[in-house]
Amino acid sequence: MTAICLAAAAFSAVLPLQQFTLAWNHSIEKIRWEEDYIVAAGRLRLTEARIKGSGAGMEPPEGAILRNGAWHYSPRLPDLPRISLRRSGFVADYEWCTHGECQSLSAIAGPPDKNQVLDIFPCTSP
């Protein structure tokens, strides 16, 4: 069964999921970003992204459509073997969203250590 694995220095978890949304607020502009991922052929595929505004270094890409207060677009990126997130206690944590519900990544992986890196990748659950 396909699952999503999370791993950091002293933490690991296997979540029985095939899709999730990663969300965060830009540390300077305070504008929300959201990215939807699915597991496809053992890799992570970014299927859609949303930005709820624009600001320094965060302009919506060409072809983005403004809908319900957010710019929606489909990034054209290759599938990824993993996502590595640098977490810090100095800014708001990432949010992990599944089935329409979001929670702080700290609720799953604990509070970030100084400059903690959390890896997200497809894995096979037992």
Side-chain angles (χ1 to χ4, degrees):
M1 173 185 197
T2 301
I4 304 292
C5 284
L6 306 177
F11 167 81
S12 66
V14 177
L15 305 176
L17 302 166
Q18 291 190 318
Q19 61 187 29
F20 65 94
T21 297
L22 188 62
W24 67 95
N25 286 327
H26 189 279
S27 61
I28 303 298
E29 299 288 344
K30 309 298 185 214
I31 294 173
R32 186 169 177 88
W33 289 60
E34 298 176 349
E35 295 179 341
D36 299 333
Y37 291 90
I38 62 169
V39 175
R43 296 172 79 83
L44 296 172
R45 178 172 296 158
L46 177 56
T47 59
E48 184 180 85
R50 292 168 297 287
I51 306 172
K52 292 194 176 187
S54 61
M58 29 186 304
E59 297 303 321
E62 186 175 328
I65 298 170
L66 182 60
R67 186 171 60 238
N68 299 326
W71 290 99
H72 293 248
Y73 62 100
S74 296
R76 302 206 192 301
L77 299 173
D79 295 348
L80 304 169
R82 71 180 52 236
I83 300 167
S84 296
L85 304 176
R86 182 161 306 277
R87 298 172 64 212
S88 166
F90 299 108
V91 296
D93 204 5
Y94 291 91
E95 288 187 21
W96 180 267
C97 308
T98 57
H99 310 294
E101 299 288 326
C102 296
Q103 61 183 325
S104 170
L105 200 49
S106 294
I108 299 168
D113 293 332
K114 183 179 179 185
N115 293 320
Q116 178 190 54
V117 174
L118 178 76
D119 288 321
I120 302 170
F121 53 95
C123 59
T124 304
S125 65

In Å and rounded to the nearest 0.5 Å, what is the [atom1] to [atom2] distance from [X] to [Y]?
X: Asp36; Y: Glu48; atom1: CG; atom2: CD; result: 5.5 Å
X: Trp96; Y: Ile4; atom1: CH2; atom2: CD1; result: 5.5 Å
X: Asn25; Y: Glu34; atom1: CG; atom2: CD; result: 9.5 Å
X: Asp79; Y: Thr47; atom1: CG; atom2: OG1; result: 10.5 Å
X: Arg45; Y: Gln19; atom1: CZ; atom2: CD; result: 12.5 Å

Phe11 reachable from Leu22 in the ILVMFWY side-chain graph, under 4.5 Å edges: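 They do share one cluster, since a chain of ILVMFWY contacts under 4.5 Å joins Leu22 to Phe11.
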Single-linkage hydrophobic cluster, 4.5 Å side-chain cutoff, Ile108 and Val117 together: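 No; tracing contacts between hydrophobic side chains, which count when under 4.5 Å, never links both residues.
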Results of ring-ring contact (aromatic ring centres under 6.0 Å, His included) for Trp24 - residues two or more places apart only: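 So Trp24 forms a ring-ring contact (aromatic ring centres under 6.0 Å, His included) with Trp33, Tyr94.
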Note, Thr21 side chain near Thr98 side chain (heavy atom, < 4.5 Å):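 Of all side-chain heavy-atom pairs linking Thr98 with Thr21, none is under 4.5 Å.
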Side chain to side chain, Leu17 and Tyr37, heavy atoms closer than 4.5 Å: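 Not in contact.
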For Glu95, all residues meeting side chain to side chain donor-acceptor pair (under 3.5 Å), sequence neighbours excluded: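 Partners of Glu95 under the side chain to side chain donor-acceptor pair (under 3.5 Å) test: Arg32.
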Which residues share a side-chain contact (heavy atoms from CB on, under 4.5 Å) with Leu77, sequence neighbours left out: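 Leu77 satisfies side-chain contact (heavy atoms from CB on, under 4.5 Å) with Leu46, Pro75 only.
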Which residues share a side-chain contact (heavy atoms from CB on, under 4.5 Å) with Ala70, sequence neighbours left out: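 Ala70: side-chain contact (heavy atoms from CB on, under 4.5 Å) contacts with Arg50, Lys52, His72.
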Show me the donor-acceptor pairs within less than 3.5 Å that the side chains of residues 81-88 make with the rest of the protein, sequence neighbours left out.
unit_1	atom_1	unit_2	atom_2	d
Arg82	NH1	Asp119	OD2	3.4
Ser84	OG	Asp119	OD1	2.5
Arg86	NH1	Asn115	O	2.9
Arg87	NE	Asp93	OD1	3.1
Arg87	NH1	Gly110	O	3.4
Arg87	NH1	Gln116	OE1	2.6
Arg87	NH2	Asp93	OD2	2.7
Arg87	NH2	Ser106	OG	3.3
Arg87	NH2	Gly110	O	2.8
Ser88	OG	Phe90	N	3.0

Pairs satisfying disulfide (SG to SG under 2.5 Å), at least one member in residues 69-99, at least two apart: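 Counting only pairs at least two positions apart or across chains, the disulfide (SG to SG under 2.5 Å) contacts touching residues 69-99 are Cys97-Cys102.
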For the student: nearest non-hydrogen atoms of Ala7 and Phe121, plus distance: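 Looking at all heavy atoms of both residues, the shortest contact is CB-CE2, 4.0 Å.
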Result of checking Leu15, Ile120, Val14 against Cys5 for side-chain contact (heavy atoms from CB on, under 4.5 Å):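 Answer after filtering Leu15, Ile120, Val14: Val14.
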